[in-house]
K.L.:
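Got a structure for you, questions after.
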Amino acid sequence: MSDLVLQLKKINKYFGKTHVIHDVNIDFRKGDFVTFLGPSGCGKTTLLRMVAGFYEPDDGEILLKGERIERIPPYGRNTAMVFQEYALFPHMNVFDNVAYGLHVKNATKEEVKEKVKNALVLMQLEGMEDRFPNQMSGGQQQRVAVARALVMDPDVLLLDEPLSNLDAKLREKVRVELRDIQKKMGLSTIYVTHDQSEALSMSDMIVVLKDGYVHQIGTPQEIYFQPKTPFVADFIGTTNLLDVTGNGKTEVMYQSVKIPMEREVKDGQIYCLSIRPESLFLSFSPLEENVNIRVTVMNQMFLGEKVRYFVQDDFGKEWIIDMFDPGRTILEGELYATFPAEKAWLIEDLKK
Ligand SMILES: Nc1ncnc2c1ncn2[C@@H]1O[C@H](COP(=O)(O)OP(=O)(O)OP(=O)(O)O)[C@@H](O)[C@H]1O
Ligand SMILES: [Mg+2]
């Protein structure tokens, strides 16, 4: 247990009568970069604010290094949060904004100078010490807010969409550097985003949330390849979801098509299958040892390294199929969507 820095246990939160966080349990290992991922309004900021102490849970426990903290105010716990709306002090210049928390902690002048300088270098803000927030772009202000949290050397660093105002290139650059420094410092971090590629590329663990419920906690690979619910499968990346029924113990039926399963299924039970566009192939004739489904090409999109096909099967369902390294070939008409059965991931929990 000692490698856990933070634990959320059966956390519930209401705003008035609205139940916005439902029985959330999450363990955070020390030094991990954990991402909260989910659509707008799913409760990411609310959870983060409870960890930081700006909201109290109505029910449940929050343990920081083993100690209950859910009733302790923000200044009484060693967390640092960067807000979605970054909240700098408008009357202070960059240096003083970043140094603020250190003064509160009674750091020496030298310490303050050195820590602020390091944080500003890190966030590529050197030379901006004397500027005021209203003299900076949104992206620059956001980086000041991250610097201000970093200097505090918190037990847990809480970042609520901290890069949303940066252009794509700078965002990627700061993201790599942030991850780098986080790893070097062994800084336990919770990062909020609704950008799935950001979550997949940066995280040790991802927590997928929807409507205040945790749908899945796992590594990026687990979340991508072994989604627990249709929602997770669909929200992370692109996928084809099929409603299927258990047929005996070893296969499921999609309409009249039999699909063998490696895992044992229950006869008559309804399941969902997730098949990624990159696991499918369009073929002129059925392929042996594969599942083959007759389809008609409805539309296609040339994307350079691949062509994305939108096809419809004989049962009226639309599929997305990616064909890589396509050259100039564009397929048309009636074909077979074909895939090895082991590429179909079986989902039991049907939460959408
Ligand atoms: N202070 C509040 N009073 C009442 N309802 C609130 C309050 N703050 C948040 N909510 C509601 O709680 C739910 C979760 O909101 P939250 O801000 O945590 O979502 P989020 O996942 O951070 O969304 P976004 O990605 O848009 O920032 C939403 O339905 C929201 O309307
Ligand atoms: Mg939010």
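In listed order, ligands and their atoms are each counted from 1. Because the structure is a prediction, the values reported are computed rather than measured.
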K.L.:
For atom 25 (O) of ligand 1, what's the nearest protein heavy atom and its distance?
P.N.:
K44 NZ, 2.8 Å

K.L.:
Considering only distance and modelled atom types, tabulate donor-acceptor pairs under 3.5 Å from the side chains of residues 310-327, sequence neighbours left out.
P.N.:
from	atom 1	to	atom 2	distance (Å)
Q312	NE2	G316	O	3.2
D313	OD1	F315	N	2.9
D313	OD1	G316	N	3.0
D313	OD1	K317	N	2.9
D313	OD2	Y254	OH	2.5
D313	OD2	W319	NE1	2.9
D314	OD2	R294	NE	3.1
D314	OD2	R294	NH2	3.2
K317	NZ	L241	O	3.0
D322	OD1	R308	NE	2.9
D322	OD2	K306	NZ	3.4
D322	OD2	R308	NH2	3.0

K.L.:
For ligand 1, indicate whether the residue Y55 contacts it via side chain, backbone, both or neither (heavy-atom separation under 4.0 Å).
P.N.:
side chain

K.L.:
Against heavy atoms of E161, which atoms of ligand 1 measure under 4.0 Å?
P.N.:
25 (O)

K.L.:
Of the protein's non-hydrogen atoms, which lies at the shortest distance from atom 22 (O) of ligand 1, and what is that distance?
P.N.:
T45 OG1, 2.8 Å

K.L.:
Would you please classify the geometry between the F15 ring and the Y55 ring as parallel, tilted or perpendicular, with 30° and 60° separating the classes?
P.N.:
perpendicular

K.L.:
Can you confirm whether or not the ring centre of F54 sits under 6.0 Å from the ring centre of F83?
P.N.:
yes

K.L.:
Which of parallel (below 30°), tilted (30 to 60°) and perpendicular (above 60°) describes F231 and H215?
P.N.:
perpendicular

K.L.:
Give me the nearest non-hydrogen protein atom to atom 9 (C) of ligand 1 as residue plus atom name, then the distance to 0.1 Å.
P.N.:
F15 CE1, 3.5 Å

K.L.:
How far is atom 27 (O) of ligand 1 from its nearest protein heavy atom, and which residue and atom is that?
P.N.:
Q84 NE2, 2.9 Å

K.L.:
I need the minimum non-hydrogen distance between T296 and E334, along with the two atoms involved.
P.N.:
OG1-CG, 3.8 Å

K.L.:
Spell out the protein N/O/S atoms under 2.8 Å from the Mg ion (ligand 2) as residue plus atom name.
P.N.:
T45 OG1, Q84 OE1

K.L.:
Suppose we measure from atom 26 (O) of ligand 1 to each protein heavy atom; which comes out shortest, and what is that distance?
P.N.:
S40 OG, 2.5 Å

K.L.:
Under 3.5 Å, side chain of H19 to main-chain N/O of I21, donor-acceptor pair present?
P.N.:
yes

K.L.:
Going by the side-chain hydrogen bond (donor to acceptor under 3.5 Å, both in side chains) test, name the single residue among K266, K228, R263 that passes it with E348.
P.N.:
R263

K.L.:
Nearest protein heavy atom to atom 6 (C) of ligand 1: under 4.0 Å?
P.N.:
yes

K.L.:
What distance do R328 atom CZ and F302 atom CZ have between them, rounded to the nearest 0.5 Å?
P.N.:
8.0 Å

K.L.:
Is K10 close to N25 at the side-chain level, that is, under 4.5 Å between some pair of heavy atoms?
P.N.:
yes

K.L.:
At less than 4.0 angstrom from any non-hydrogen atom of V20, what atoms of ligand 1 do you find?
P.N.:
12 (O), 13 (C)

K.L.:
For K44 and L48: C-alpha separation, side-chain torsions, deciding distance, then whether side-chain contact (heavy atoms from CB on, under 4.5 Å) applies.
P.N.:
CA-CA 6 Å; K44 304 181 294 291; L48 219 55; over 6 Å; no

K.L.:
Look at the side chain of D204 and the backbone N and O of F33, then say whether any donor-acceptor pair between them is shorter than 3.5 Å.
P.N.:
yes

K.L.:
What part of T46, side chain, backbone, both or neither, has a heavy atom within less than 4.0 angstrom of ligand 1?
P.N.:
both

K.L.:
Of the protein's non-hydrogen atoms, which lies at the shortest distance from atom 29 (O) of ligand 1, and what is that distance?
P.N.:
G41 O, 3.8 Å

